Protein chains: 2
Amino acid sequence: MEVTGHMPAQDAPRTRSASIWDVARVAGVSQQTVSRVINGKARVSETTRARVLQVIAELGYRPNRLAQALAGGPVRSVTVLTSDTALYGAAATLRGMEEAARTAGFSVGISVLERDSGQADIALRLNRPGEAVMVIAFDDAGVRALRALPADVPVTAAVERRPDDGPDDPWQIWLDDRAAAAHATRYLLSLGHQTVHYVAIPSSTSALPQRTQGWQDALRAAGRPLPEPLPGGWSPRSGYLAVRSLLADRSVTAILCGNDDLALGVMRAAREAGRDIPGDLSVVGFDDSPPSAYLNPALTTVRLDFEGLGRACFGLLNRRLDPQNAAAVPAWSEPELIVRESSGPAPA
Amino acid sequence: MEVTGHMPAQDAPRTRSASIWDVARVAGVSQQTVSRVINGKARVSETTRARVLQVIAELGYRPNRLAQALAGGPVRSVTVLTSDTALYGAAATLRGMEEAARTAGFSVGISVLERDSGQADIALRLNRPGEAVMVIAFDDAGVRALRALPADVPVTAAVERRPDDGPDDPWQIWLDDRAAAAHATRYLLSLGHQTVHYVAIPSSTSALPQRTQGWQDALRAAGRPLPEPLPGGWSPRSGYLAVRSLLADRSVTAILCGNDDLALGVMRAAREAGRDIPGDLSVVGFDDSPPSAYLNPALTTVRLDFEGLGRACFGLLNRRLDPQNAAAVPAWSEPELIVRESSGPAPA
DNA sequence: AGAGAGAATGTGATCGATAACATTACCTAC
DNA sequence: GTAGGTAATGTTATCGATCACATTCTCTCT
């Protein structure tokens with residue numbers, strides 16, 4: 001059934017939907033003129049424009065973005081490479097990216113990185129060579145993917161830490177976790193705690209994670225004993241396991257956690273050990289994930305603006321793709337300590 | 001700088017990466033043969049295949065999926081239309097969809113529906129007319145989007161409820177919320193509670209939500225008083241507000257919540273009202289979101305297999321796109337009541 | 001030896017758009 | 001009245017692949 005037919009087939013499924021040629025034919029102009037109307041770049045007479053627009057509406061024509069992109073139209077799609085979206089940080093960053101991209105008229109693809117996935121196939125996830133990409137590289141898988149990306153790919157990334165060696169990569173952004181962790185630690189010390197223990201999330205690199213470093217910074221600056229960081233994972237369970245044996249020691253009165261999920265596990269372990277929060281033990285989390293404010297007790301935590309970071313990451317990408325007329329990269333909020341019920345003065 | 005050059009330009013950025021023609025030229029075959037090697041459909045002699053594969057590796061050639069799709073290759077991309085991914089149900093379903101799609105070699109696009117977004121532009125979010133789509137339609141925005149999709153779009157959807165009127169849409173799937181809510185309600189009644197109150201999530205349609213109906217089913221069957229459902233939103237805060245005044249009434253001893261976030265708010269309201277959970281008041285949630293097991297008290301809730309639902313939704317789409325040789329649609333788990341600490345016998 | 005069947009490969013059209021260039025029409029200035 | 005500029009539009013090549021069909025080559029069978 002061709003679109004050409006003068007006698008419309010009743011309810012017969014159209015083989016395919018209208019193309020730019022169909023519009024051109026019906027409107028009595030060339031496809032180039034239709035293209036001009038669509039893109040609004042070149043000038044078209046008011047009469048012609050109106051006629052074309054009407055035909056477009058009649059035929060229900062929608063441009064095929066694949067064809068547009070193939071023909072060298074402006075890049076209007078991004079693929080986000082992200083690790084486990086079950087984690088609040090990654091999920092919130094993704095939301096920010098998607099929102100910003102969609103608002104700017106980009107279509108966004110998403111591809112989740114398995115924790116143990118090889119890096120060989122990363123390039124194959126792209127829809128075409130040179131596809132624009134954003135990477136959420138808060139963990140090891142993300143960082144590896146970022147590194148495995150071919151050089152010709154325009155990419156920006158939200159990362160855990162600024163690179164240690166060499167100059168900052170202008171296409172990467174991050175939150176100042178280190179300062180935030182230091183701030184949270186100083187807060188706990190100011191409450192009279194002798195020292196602060198730390199349950200760490202896994203690092204994205206072989207180096208010490210930013211949050212761990214910030215915690216150490218604050219303890220060192222205050223001349224306090226510096227306990228070994230307790231290695232945790234990403235889940236409540238891992239936080240629970242990490243501190244279970246530690247809590248018998250009543251001299252442990254303050255615990256900072258690498259994220260809110262760990263804090264959840266720590267609080268449960270504390271409950272089972274008969275420790276009272278915040279009377280006996282102060283617990284501080286990281287991220288300010290949505291449930292935090294409603295936990296029992298409500299969790300003191302560091303609020304991180306992941307969504308803002310995601311939006312900024314897209315802003316950066318947009319600038320990278322089109323330095324001439326890209327909007328300014330939107331700002332994001334600095335980390336902020338939210339004091340709630342789970343922290344208090346050290347026990348007498 | 002052409003790819004043709006015999007003298008490779010040092011570090012000069014290649015104008016564009018290798019195409020199928022480049023491979024063909026270097027390998028001394030036609031592009032069609034290269035295409036055959038890539039797709040492995042038709043037969044190519046072992047010698048030729050090896051040579052082509054080697055050239056592909058040398059040139060770092062990667063097929064351009066846009067061009068493949070344009071030229072009528074098999075559909076290998078999906079766009080997921082979803083409402084707010086901050087909600088656990090939608091996020092988990094999305095994860096399931098993405099995983100299944102990626103595993104099947106599909107690239108997946110995502111587009112978030114604003115709660116109040118019009119439906120006129122839905123079709124414009126697709127990369128091309130006829131693009132495959134999955135919709136997560138647990139709320140009103142999702143259902144509207146599903147309805148606004150042009151008829152020529154191959155779509156499957158994860159929905160809140162089976163259609164009331166008319167036959168089931170074979171391309172929609174859902175969890176049996178109604179039975180699950182009834183089961184949870186019966187469980188509470190079996191603990192000796194006189195009746196069960198219910199805090200509802202917003203409905204995706206004008207009709208009564210499935211969970212509300214299931215709750216009513218159980219109360220009716222047991223001949224118990226049927227309180228007005230309390231209208232809640234999606235957030236802990238809305239749960240908190242919905243029950244705050246109710247809790248002064250000590251005869252209220254059991255509350256079922258439309259999701260775990262509402263339960264979180266309900267539990268905080270209970271704490272502030274001096275009610276003891278589960279001694280005084282039993283609270284049951286819905287969804288089994290990740291923090292539930294670690295709350296204080298740990299939340300009794302209905303576990304829903306959203307990821308499985310997402311995988312199945314993709315399985316369905318795959319079958320719709322290619323009925324001939326699509327794998328079986330993977331099964332998903334039935335809802336399951338997980339009894340934890342927040343529920344117990346009615347107070348004497 | 002010639003016909004016929006497959007296997008392996010090549011050729012040209014096509015998908016739906018954009019880019020570069022060509023052409024037409026009209027208006028103004030000398 | 002004709003040259004020249006500009007606005008509006010048409011033509012052709014191209015992006016990177018697939019598809020349908022044509023061609024070549026090699027066997028095998030009679």
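When reading the values below, keep in mind they use all heavy atoms of this one structure, side chains included, and skip hydrogens, waters and symmetry mates. Since this is a predicted model, take the numbers as computed values, not measurements.
Rounded to an integer number of Å, the gap from CH2 of B/W21 to P of D/dT18 is 12 Å. A/R25 has its CZ atom 17 Å from the C1' atom of D/dG10, to the nearest Å. At whole-Å resolution of the value, CD in B/Q68 and P in D/dC15 are 17 Å apart. In this structure, the CZ atom of B/R65 is 12 Å from the P atom of D/dA17, given to the nearest Å. Here D/dG16 presents its C1' atom at 10 Å from CD1 of B/I38, a figure rounded to the nearest Å. One atom, CG of A/L66, and another, P of C/dG16, lie 11 Å apart when rounded to the nearest Å. As a whole-Å value, the separation of A/R128 CZ from D/dT18 P is 17 Å. Rounded to whole Å, atom C1' of C/dA17 lies 14 Å from atom CG of B/N127.
The 12-atom threshold is not exceeded at CZ of A/R319, counting heavy atoms of other residues, nucleotides or ligands nearer than 6.0 Å.
Along DNA chain D, the nucleotide nearest to A/L70 and the one nearest to A/S30 differ in position, and the one closer to the 5' end is contacted by A/S30. Comparing B/T48 and A/P63 by the nucleotide of DNA chain C whose heavy atom lies nearest to each, the residue mapping closer to the 5' end is B/T48.
Contact annotation: A/S19 side-chain N/O to C/dC15 OP1/OP2 distance is not under 4.0 Å. Contact annotation: B/T33 side-chain N/O to C/dA8 OP1/OP2 distance is not under 4.0 Å. Contact annotation: B/S45 side-chain N/O to C/dA7 OP1/OP2 distance is not under 4.0 Å.
Judged purely by atom type and a 3.5 angstrom limit, A/D168 has no side-chain atom pairing as donor or acceptor with the backbone of A/P170. The backbone N or O of A/G89 sits less than 3.5 Å from a side-chain atom of A/T93, completing a donor-acceptor pair. Proximity of a side-chain donor or acceptor of A/E131 to a complementary backbone N or O of A/V153 within less than 3.5 Å is not detected. A donor-acceptor distance shorter than 3.5 angstrom exists from the side chain of B/R320 to the backbone of B/V155, with no hydrogens or angles considered.
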Return the polar atom pairs (N/O with N/O) between nucleotides 19-23 of chain D and the protein under 3.5 Å, or none.
unit_1 : atom_1 : unit_2 : atom_2 : d
D/dC19 : N4     : B/Q32  : NE2    : 2.1

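From A/F138, atom CZ reaches atom CH2 of A/W174 across 12.5 Å, with rounding to the nearest 0.5 Å.
Counting only residues at least two apart or on different chains, the side chain to side chain donor-acceptor pair (under 3.5 Å) pairs with a member in residues 58-73 of chain B are B/Q54-B/E58.
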Tell me, with the steps shown, if A/T33 and A/T48 meet side chain to side chain contact (heavy atoms under 4.5 Å, CB included). CA-CA 9 Å; A/T33 300; A/T48 317; 3.9 Å; yes
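Relative to the axis of its first five pairs, the axis of the last five pairs of the helix from C/dA1-D/dT30 to C/dC30-D/dG1 sits at 60°, rounded to 10 degrees.
Here the side chain of B/V29 is nearest to one of C/dT9, C/dG10, D/dT18, namely C/dG10.
Of the residues A/D139, A/T82, A/I122, the one that meets the side chain to side chain contact (heavy atoms under 4.5 Å, CB included) test with A/L113 is A/I122.
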